[in-house]
Colleague: 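Here you go, one structure.
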Amino acid sequence: MKNKYVGDINDYHKYGLLRSIKQATGFDILVSWMLTPDDTSNDGGKTEYLKKPDRWRGFDPILFEELGFIIKMKKRSVSEVEKISSMSTFGFHSHYIHPEIASRKSWIKSLLEEVKKYELVFLDPDNGLEVKSVKMGGKNSEKYIYLCELEEIWKNNKSFLFFQHFPRINRDEFIVDLTLKISKLCFNSAVLTFRAANIVLVLALQPLHQKYKGEIILEIKEKWKDEFTIMDDKKNLF
């Protein structure tokens, strides 16, 4: 996550989904920003939705207004998101990610210590799950969450949700493959994917938390209508 991304349409989807999960479950949720330095790309520019309140405001009016204020005041940073009322019930792990292995190990160690107080952690990497071409410790590795890290979170009995950009391949096939990877990694998990226009969010629920699966689906369908396509690890669509 880069500070320059704050307030774009992907953020509205991410935080809105988190708020719906919180509403449905009452979980204590930790947000791990997986911060990386800003760059010179044009990413994070999708803020036009804020000029179309008739289309977008109704999904989560408070969040919509508060993200709009951050953009208007030109204060795009996760520290500003941590202050708004719509995110006040979440905890935050605001460490930067660096590519070096030692730094990466320090990051996961601090995350595992912090998440002890929570039931679910949301991971917000720039790109999403690891890819074969980028090894941990290599160039651009800070933009990904790695399977070994998700496994450590899972073994600590925490459910997790992570952000994923779509690569330039068939999106349906990608989601099925992504779901399979997480299901294999996390023994006895229930996996749900939430697909929006440009992103997908992947939720792995611990056995103890799976009683909330129906409530999560219902809350998101009622609040966000058809803005998210929801699929489980058995390829059922909701």
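Owing to the predicted nature of the structure, the values given are computational and were not obtained by experimental measurement.
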Colleague: Mind checking whether Trp107 and Ser32 have side chains closer than 4.5 Å, heavy atoms only?
Modeller: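 They are in contact (side-chain heavy atoms under 4.5 Å apart), so the answer is yes.
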
Colleague: When you measure from the side chain of Lys235 to the backbone of Asp232, do you find a donor-acceptor pair of N or O atoms at a distance under 3.5 Å?
Modeller: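 Side chain of Lys235 to backbone of Asp232: no pair is present.
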
Colleague: Please say which of Leu17, Leu50, Thr47, Leu67 ends up in a side chain to side chain contact (heavy atoms under 4.5 Å, CB included) with Tyr12.
Modeller: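 Among Leu17, Leu50, Thr47, Leu67, the one meeting side chain to side chain contact (heavy atoms under 4.5 Å, CB included) with Tyr12 is Leu67.
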
Colleague: Go through the steps to decide whether Glu80 and Arg76 satisfy the test salt bridge (Lys or Arg N to Asp or Glu O under 4.0 Å), and finish with yes or no.
Modeller: CA-CA 7 Å; Glu80 292 299 315; Arg76 300 183 78 175; over 6 Å; no

Colleague: Which of these, Asp8, Val31, Ile9, Asp124, sits in a side chain to side chain contact (heavy atoms under 4.5 Å, CB included) with Lys14?
Modeller: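 Of all the options given, the one that passes is Asp124.
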
Colleague: To the closest 0.5 Å, what do you measure between CG (Leu203) and CD1 (Ile217)?
Modeller: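 Going from the CG atom of Leu203 to the CD1 atom of Ile217 covers 9.5 Å.
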
Colleague: Indicate yes or no: at least one non-hydrogen side-chain atom of His95 is less than 4.5 angstrom from one of Leu35.
Modeller: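 Side chain of His95 against side chain of Leu35, heavy atoms only: no contact under 4.5 Å found.
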
Colleague: Look at the aromatic rings of Trp33 and Phe92 and report parallel, tilted or perpendicular, splitting at 30° and 60°.
Modeller: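 Answer is parallel, since the angle falls under 30°.
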
Colleague: Hey, is the main chain of Lys4 close enough, under 3.5 Å, to the side chain of Asp38 for a donor-acceptor pair?
Modeller: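 Side chain of Asp38 to backbone of Lys4: a pair is present.
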
Colleague: Is Ser88 reaching over with its side chain to a backbone N or O of Ser85, donor-acceptor style, under 3.5 angstrom?
Modeller: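 It does hold such a pair.
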
Colleague: Quick test of your reading of the model: are Glu227 and Arg55 salt-bridged, counting only N-O distances below 4.0 Å?
Modeller: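 Yes, charged N to carboxylate O under 4.0 Å.
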
Colleague: Check this for me, if you would: do Lys109 and Glu113 make a salt bridge, where the nitrogen-to-carboxylate-oxygen distance has to be below 4.0 angstrom?
Modeller: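 No salt bridge links Lys109 with Glu113.
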
Colleague: Decide whether Leu30 and Ile145 are clustered together by the hydrophobic rule: side chain heavy atoms of Ile, Leu, Val, Met, Phe, Trp, Tyr closer than 4.5 Å, transitively.
Modeller: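 Linked, Leu30 and Ile145 end up in one cluster.
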
Colleague: Please say yes or no: joined through hydrophobic side-chain contacts below 4.5 Å, possibly via intermediate residues, are Phe162 and Tyr146 part of one cluster?
Modeller: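 No, it is not one cluster - the side chains of Phe162 and Tyr146 are not joined through contacts under 4.5 Å.
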
Colleague: Does a donor on one side chain sit under 3.5 Å from an acceptor on the other, for Glu142 and Thr36?
Modeller: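 There is no such pair between these side chains.
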
Colleague: Can you check whether Val191's main-chain N or O pairs, donor with acceptor, with Asp233's side chain at less than 3.5 Å?
Modeller: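 At least one qualifying donor-acceptor pair exists.
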
Colleague: Following the transitive rule for hydrophobic clusters with a side-chain heavy-atom cut-off under 4.5 Å over Ile, Leu, Val, Met, Phe, Trp and Tyr, establish whether Trp56 and Val6 coincide in one cluster.
Modeller: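 Same hydrophobic cluster.
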
Colleague: Measure the spacing between OG of Ser133 and OH of Tyr144 and express it to the nearest 0.5 Å.
Modeller: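 Between Ser133 OG and Tyr144 OH, I get 6.0 Å after rounding to 0.5 Å.
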
Colleague: State plainly whether one hydrophobic cluster holds both Ile62 and Ile71, where clusters connect Ile, Leu, Val, Met, Phe, Trp and Tyr through side-chain heavy atoms under 4.5 angstrom apart.
Modeller: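 No.
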
Colleague: Is the shortest side-chain heavy-atom distance between Glu219 and Glu215 below 4.5 Å?
Modeller: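 They are not in side-chain contact.
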
Colleague: Give a yes or no on whether the backbone of Leu120 and the side-chain of Lys158 come within a donor-acceptor separation of less than 3.5 Å.
Modeller: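 Answer holds: no.
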
Colleague: Test side-chain contact (heavy atoms from CB on, under 4.5 Å) on Arg171 and Arg195 and set out the steps.
Modeller: CA-CA 10 Å; Arg171 293 185 174 185; Arg195 175 179 177 174; 3.5 Å; yes

Colleague: Quick check on the hydrophobic clustering: are Val121 and Leu161 connected, directly or via other members, by side-chain heavy-atom contacts under 4.5 Å?
Modeller: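 No, it is not one cluster - the side chains of Val121 and Leu161 are not joined through contacts under 4.5 Å.
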
Colleague: Salt bridge check, Lys46 against Asp11: does any charged N sit closer than 4.0 Å to a carboxylate O?
Modeller: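 Result for this pair is no, no salt bridge flagged.
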
Colleague: One pair to check against side-chain contact (heavy atoms from CB on, under 4.5 Å): Arg57 and Glu65. What are the steps and the verdict?
Modeller: CA-CA 8 Å; Arg57 186 179 183 276; Glu65 295 294 339; 2.7 Å; yes

Colleague: Heavy atoms only: give me the nearest Lys221-Phe238 pair and the separation to one decimal.
Modeller: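 Where Lys221 meets Phe238 most closely, the heavy atoms are NZ-O, 3.2 Å.
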
Colleague: Do NZ/NE/NH1/NH2 and the carboxylate oxygens of Glu48 and Lys51 come within less than 4.0 Å?
Modeller: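 Looking at Lys51 together with Glu48, the answer is yes, because their closest N to O distance falls below 4.0 Å.
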
Colleague: State, with a plain yes or no, whether a side-chain heavy atom of Lys22 is found less than 4.5 Å away from one of Asp28.
Modeller: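 A side-chain contact exists here, since the closest heavy-atom pair is under 4.5 Å.
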
Colleague: Could you state the interatomic distance from CD (Glu119) to CZ (Phe160), rounded to the nearest 0.5 Å?
Modeller: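 Glu119 atom CD to Phe160 atom CZ measures 16.0 Å (nearest 0.5 Å).
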
Colleague: Ring centres under 6.0 Å, that's the criterion: do Phe90 and Phe122 meet it?
Modeller: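 Ring centres of Phe122 and Phe90 not closer than 6.0 Å.
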
Colleague: Out of curiosity, His165 NE2 to Asp126 CG, how far, rounded to the nearest 0.5 Å?
Modeller: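 Going from the NE2 atom of His165 to the CG atom of Asp126 covers 7.5 Å.
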
Colleague: Run the side-chain contact (heavy atoms from CB on, under 4.5 Å) check on Ile153 and Val115 step by step: do they pass?
Modeller: CA-CA 9 Å; Ile153 293 167; Val115 82; 5.6 Å; no

Colleague: Ignoring hydrogens and angles, tell me if any N or O in the side chain of Ser20 forms a donor-acceptor pair with the backbone of Gly16 under 3.5 Å.
Modeller: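 It does hold such a pair.
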
Colleague: Any side-chain donor-acceptor pair under 3.5 Å between Ser110 and His93?
Modeller: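 There is such a pair between these side chains.
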
Colleague: Which is it for Trp224 and Phe194 under the side-chain contact (heavy atoms from CB on, under 4.5 Å) test, yes or no, and what are the steps along the way?
Modeller: CA-CA 11 Å; Trp224 286 87; Phe194 306 90; over 6 Å; no

